[in-house]
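Here the structure comes first, spelled out in structure tokens, and everything after it is commentary.
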Amino acid sequence: MNETISAARRAKVFLLNALMYLAAGLVCLLLVGIIGYLLFRGVPYITWELVSTKPSLLRGTVGILPNILNTAYLILATLAVVLPLGVGAATYLNEYAKNERLVRVIGLATETLAGIPSIIYGLVGMLAFVQFCNLGTSLLAGALTLAVMTLPTVIRTTEESLKTVPQSYREGSLGLGAGKWHMIRTVVLPCAIDGIVTGCILSIGRVAGESAALLFTAGMANEMMNLLEAVQPGNAGSTLTIALYMYAKERGQFDVAFAIAVILLALTFLVNLAAKAAAGKLKKKRG
Amino acid sequence: MDKMRRMGKRVETGMGALFFLCGVLTILFVALITVFLLASGIPAIQKIGLFDFLLGSVWASTAAEPSYGILPFLLTSVYGTFGAILAGTPIGLLCAVFLAKMAPEKAGTAVRGAVDLLAGIPSVVYGLVGMIVVVPFVRDAFGLPDGANLLSAIVVLAVMILPSVISVSETVLRAVPKEYEEASLALGATWTETVFGVVVPAAKSGIATAVILGVGRAVGEAMAVMMVSGNVANMPKLFGSVRFLTTAVASEMSYSSGLQRQVLFSIALVLFLFILAVNLILNLIVRRGERNE
């Protein structure tokens, strides 16, 4: 078919096609390059000692177990706060709200929250939770900050899923005499579980990868804590991301930093897979 | 029976109120963030004077006679973001066109997977790779004493905004009506000409959304930039060590006190207003796009 068009046009088409393939190739190359380089630099330093001990000045060893645990605690605590609030907000928007204008304002506020950079969350979290609520630099303050930060994600995914619950389910439930709350609890929310799960997974990814918002809220301690200690005010703890930053920027221990980066990368990969699986389920339900 | 009904009613009202509270929570949070930033950011601006604060070109917070001009940070953030957009948008847009209109199914899935993964990589990891790979590369390529400068930051930022630019652009490109393509093809344009001559222009406002989203991401990025930009409060130079608005807040927060600390909150306030403006523009574009449909 290209025989019929002029040489100039053919050249232009060829050029544009080439540029497009180049751009797509570049994106893939970037990913492969970053992953390959991280694996190459980091994997040799992931040892059992590194992931199973805490850092010891006496023995001069480095361990990141406290950071791994802190990341897990932070994820749990953040989810515990953000899930009820986010699901509640989405339920209000989809099931209760009648005032169009209020819904629009809430939507606008949610978008605004989603657009605020994490460094500002960190700063306001420090002002509000660390100082104003007097929680001290602590994992708890970090979790509360991240809960506000991840709220838009949970609201959005839950709302998407609530919209796919057929109206007839609601009518059936109400027709049988259920109250509105009873209907929501037993019919609507269980049907929207996939959206809630997707919101959870995306939040986990966000929390695990967050650093700027934690710098001034969750602190930099590397002590071992159990879950109960971790959620008490005043107990600071650094996550994997903060530990990576400290090892790379402040101490110049790049081997440890790369090892942590590989762990974070694996986490990202898992979160991605899980999110894809959940989204696939959601799509199937819709289709 | 009557008692039960009354109980049920009370539970209903209670739950309704609870859901309402959750619903307005985001409004409350935005209001609180604004109040906290205004309350802690304005005093220092009053002390220094708005003019000296915004347009002062010397930042010397720890000097004997401190000077708190944030123009270096403002300009660095603007230049850095502009540079990242300039470098990232063409690549992102071309990649999005490829994904939306050209890619064979398997290649599309692969590239899309790569984009999703790139979006998920934490910013400290980008910072680390930038520190170890980009910074030395820039240093050697341009024969500089140190490669931690604005250019390195732009490179890292450009990579970091790619995923959002690509995924939003792809979505809007897919939303362009098929009839446009068919009309163009019927007039004898080739598929590539159709895509670039008709589909891309038709998705103009959506692509603008993608770019502005990228702007928001680049302006707000702190950790990765902190690791590669050198972090000295110079006026922006491509090959000079620079400090962004975000990194200005982060780098002195841990040891600051008094007026110096207050100024950091003022910088955060400026950053916040910057982001709000970006969001506002985004909303206007989206709304205009909706009206046009």
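Letters A, B, ... mirror the listed sequences (proteins, then strands); counts begin at 1. Computation of the quantities below employed the complete heavy-atom set of this structure, encompassing side-chain atoms and omitting hydrogens, waters and symmetry-equivalent molecules.
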Tabulate below the donor-acceptor pairs under 3.5 Å that side-chain atoms of residues 28-44 of chain B make, not counting sequence neighbours, or state none.
{"from": "B:Thr34", "atom 1": "OG1", "to": "B:Val30", "atom 2": "O", "distance (Å)": "2.6"}
{"from": "B:Ser40", "atom 1": "OG", "to": "B:Phe36", "atom 2": "O", "distance (Å)": "2.6"}

Select, from [options], the one with the greatest count of heavy-atom pairs under 4.5 Å involving chain B.
| options | value |
| --- | --- |
| A:Lys276, A:Lys249, A:Glu95 | A:Lys249 |
| A:Gly122, A:Ala128, A:Gly86 | A:Ala128 |
| A:Ile260, A:Val124, A:Ile106, A:Leu267 | A:Ile106 |
| A:Ile116, A:Ile242, A:Leu265 | A:Ile116 |

Top of [options] for chain A proximity - count of heavy-atom pairs under 4.5 angstrom:
| options | result |
| --- | --- |
| B:Leu128, B:Leu99, B:Leu25 | B:Leu128 |
| B:Ala96, B:Ala114, B:Pro90 | B:Ala114 |
| B:Val219, B:Leu117, B:Val97, B:Val159 | B:Leu117 |
| B:Val11, B:Val133, B:Val278 | B:Val133 |
| B:Gly23, B:Gly127, B:Ala110, B:Gly16 | B:Gly23 |

**Study point:** Polar side chain donor-acceptor pair, A:Thr112 to B:Asn279, under 3.5 angstrom
**Key:** no
Between [atom1] of [X] and [atom2] of [Y], what distance do you get to the nearest 0.5 Å?
| X | Y | atom1 | atom2 | value |
| --- | --- | --- | --- | --- |
| A:Phe269 | B:Asp116 | CZ | CG | 11.5 Å |
| A:Leu214 | B:Met223 | CG | CE | 8.5 Å |
| A:Leu264 | B:Ile121 | CG | CD1 | 10.5 Å |
| B:Ile91 | A:Leu30 | CD1 | CG | 8.0 Å |
| B:Ile27 | A:Thr110 | CD1 | OG1 | 8.0 Å |
| A:Asn17 | B:Phe196 | CG | CZ | 7.5 Å |

Using a cut-off of 6.0 Å, state whether more than 12 heavy atoms not belonging to [X] lie near its atom [atom1].
| X | atom1 | result |
| --- | --- | --- |
| A:Lys180 | NZ | yes |
| A:Arg156 | CZ | no |
| A:Glu250 | CD | yes |

Region of [X] that comes under 4.5 Å of a non-hydrogen atom in chain B:
| X | answer |
| --- | --- |
| A:Gln131 | side chain |
| A:Phe132 | side chain |
| A:Ile155 | side chain |
| A:Arg206 | neither |
| A:Ile120 | side chain |
| A:Leu127 | both |
| A:Pro84 | backbone |
| A:Leu38 | side chain |
| A:Leu85 | both |

Point to revise | Check: B:Glu193 side chain, A:Val13 main-chain N or O, donor-acceptor pair, under 3.5 Å | key: no
Practice item. Look at the rings of B:Phe98 and A:Tyr21 and say which category their plane angle falls in: under 30° parallel, 30 to 60° tilted, over 60° perpendicular. Key: perpendicular
Which heavy atom of [X] sits nearest to which heavy atom of [Y], and what is that distance?
| X | Y | answer |
| --- | --- | --- |
| B:Met227 | A:Ala248 | CE-CB, 4.0 Å |
| B:Val124 | A:Leu244 | O-CD2, 4.0 Å |
| A:Phe254 | B:Met131 | CE2-CE, 3.8 Å |
| A:Gly88 | B:Cys22 | C-CB, 3.5 Å |
| A:Tyr92 | B:Phe19 | CB-O, 3.2 Å |
| B:Ile275 | A:Gly115 | CG2-O, 3.4 Å |

[X] portion near chain A, given a 4.5 angstrom heavy-atom threshold:
| X | answer |
| --- | --- |
| B:Val111 | both |
| B:Ile166 | side chain |
| B:Leu21 | neither |
| B:Ala250 | both |

Check your understanding: Under the side-chain contact (heavy atoms from CB on, under 4.5 Å) criterion, do A:Arg185 and B:Met15 qualify, and how do the steps go?
Key -> CA-CA 11 Å; A:Arg185 185 163 49 92; B:Met15 288 317 289; over 6 Å; no
Practice item. With side-chain contact (heavy atoms from CB on, under 4.5 Å) as the test, would you mind laying out the steps for A:Leu123 and B:Met253 before giving the verdict? Key: CA-CA 9 Å; A:Leu123 209 68; B:Met253 188 50 82; 3.1 Å; yes
Check your understanding: Given the rule in the side-chain contact (heavy atoms from CB on, under 4.5 Å) test, do B:Leu94 and A:Leu22 qualify, once you have shown the distances and angles that lead to the verdict?
Key -> CA-CA 9 Å; B:Leu94 282 167; A:Leu22 212 66; over 6 Å; no
Practice item. Determine, stepwise, if the pair A:Ile34 / B:Leu118 fulfils side-chain contact (heavy atoms from CB on, under 4.5 Å). Key: CA-CA 9 Å; A:Ile34 291 176; B:Leu118 277 179; 4.2 Å; yes
